[in-house]
Amino acid sequence: MIPRSFEYHAPASLPEALALLNRHGDTAKLLAGGHSLLPMMKLRFAVPDHLIDLRKLAELKGIREAGDEIRIGAMTTENELIWSTLLQEKCPLLVEGARLIFDPQVRYRGTIGDDISHADPGNDHPALMIALDALFVLAGAQGERVVPADGFFLGTYMTLMEPGEIMTEIRMPTPAPGTGYCYAKFKRKTGDFATAACAVTLTMRAGAVSDVRIVLTNVAQAALRASDAEAALRGAPLDERHVDEAARLAMGICEPVEDLRGDVEYKIAMVGNLCRCTGYQNIVKAVQYAARKLRGETVETSHPLLAEIAAH
Ligand SMILES: Cc1cc2nc3c(=O)[nH]c(=O)nc-3n(C[C@H](O)[C@H](O)[C@H](O)COP(=O)(O)OP(=O)(O)OC[C@H]3O[C@@H](n4cnc5c(N)ncnc54)[C@H](O)[C@@H]3O)c2cc1C
């Protein structure tokens, strides 16, 4: 419960934060929402000498559209994602995903950039980011670099980010109108990390899947893209046979760890169920929703799938 003592810094600008990080190296930790770091410090799993609080950095906040991209500041909170009318309208998968992360209090503090940087395989944003084909902007002493989400997550708490770098922004192509989406998360209770979860984005053309991304949460050391499952669906009709095959292929790549959420066999079986569920029923509903929108009909924007599912 009691963290070890540390020195607190609250830089007012990104260059100042980078300089502090550079100066204190391994002995410093960035503090964002604090809902992963502080619990670890209270258990003394993390014992930094310096905390560099990013909350004064206004340039790391906000959600906007720039050309055909959506850009989200790393310090944008989960609740700000949920409340964003831009995301509700143009990228509802992110809204749906954020609503499934822990509880309202944590969502007031927890931020998207840190959920990504922390790289806990149980965190939900890594899979959502890969499904949405996102890019991450990383600032360091040498300047800025932009890296794709796909390939960024190397293992538990491990990413491509170098010491001394700060994630400043998340960029993603604005999903084309008519893109189907779903994040199916199986958890023991509200506020728990996923036993298994599956993010899907999908587009259809002439009755066949024209593009699809399937990414799994918490069934490996890091978010796991199910590329073979995607290949099985690409160009195929979205019927039970193809979806079952995609689910089988997704199950084949899972390497979950046994814990209180279940043993390895159980977790792999849940991936199959989630893929069938995301890959079939919910996506069909998402495509129907998108078709209604394309026809110009007024539909509830924020959670059409959940409303439809709840009605059954
Ligand atoms: C009980 C509980 C349940 C949870 N359930 C879920 C869940 O179901 N799904 C989910 O996705 N998350 C869940 N979380 C995690 C939560 O969303 C965290 O808030 C999030 O993982 C980390 O974000 P944070 O802003 O709190 O980061 P912090 O705790 O402040 O930081 C986390 C780590 O990221 C580093 N970091 C922070 N900012 C940056 C940056 N800009 N650039 C580089 N590195 C940075 C920090 O140094 C630290 O190592 C849960 C947390 C708790 C306590």
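Positions are given from 1, in the same order as the sequence printed here. Whatever order the structure lists them in is the order used to number ligands and atoms, beginning at 1.
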- Query: Got the closest protein heavy atom to atom 50 (C) of ligand 1, with its distance?
  - Reply: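 The closest heavy atom on the protein side is Phe193 CZ, 3.5 Å.
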
- For atom 10 (C) of ligand 1, which protein heavy atom lies nearest, and how many Å away is it?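 Looking only at protein heavy atoms, the one closest to atom 10 (C) of ligand 1 is Asp115 OD2, 3.3 Å.
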
- When you measure from atom 46 (C) of ligand 1 to each heavy atom in Leu128, Ile101, Leu30, Leu51, which option holds the nearest one?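 Looking at heavy atoms only, the winner is Leu30.
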
- So is Arg107 in contact with ligand 1, going by heavy-atom distances below 4.0 Å?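 Judged by the 4.0 Å heavy-atom criterion, Arg107 does not count as contacting ligand 1.
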
Presence of salt bridge, [Y] and [X], under 4.0 angstrom:
X: Glu165; Y: Arg145; value: yes
X: Arg4; Y: Asp49; value: yes
X: Glu245; Y: Arg241; value: no

Should the proximity of [X] to ligand 1, defined as any heavy atom under 4.0 Å, be assigned to the side chain, the backbone, both, or neither?
X: Leu60; answer: neither
X: Lys185; answer: side chain
X: Met75; answer: neither

- Message: Under the criterion side-chain hydrogen bond (donor to acceptor under 3.5 Å, both in side chains), I'd like the reasoning laid out for Glu69 against Thr174: C-alpha separation, chi angles, the key distance, then a yes or no.
- Response: CA-CA 5 Å; Glu69 270 185 351; Thr174 306; over 6 Å; no

- Message: Within ligand 1, which atoms have a heavy atom of Gly34 less than 4.0 Å away?
- Response: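 Counting from 1, the qualifying ligand atoms are 24 (P), 25 (O), 26 (O), 27 (O), 28 (P), 29 (O), 30 (O).
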
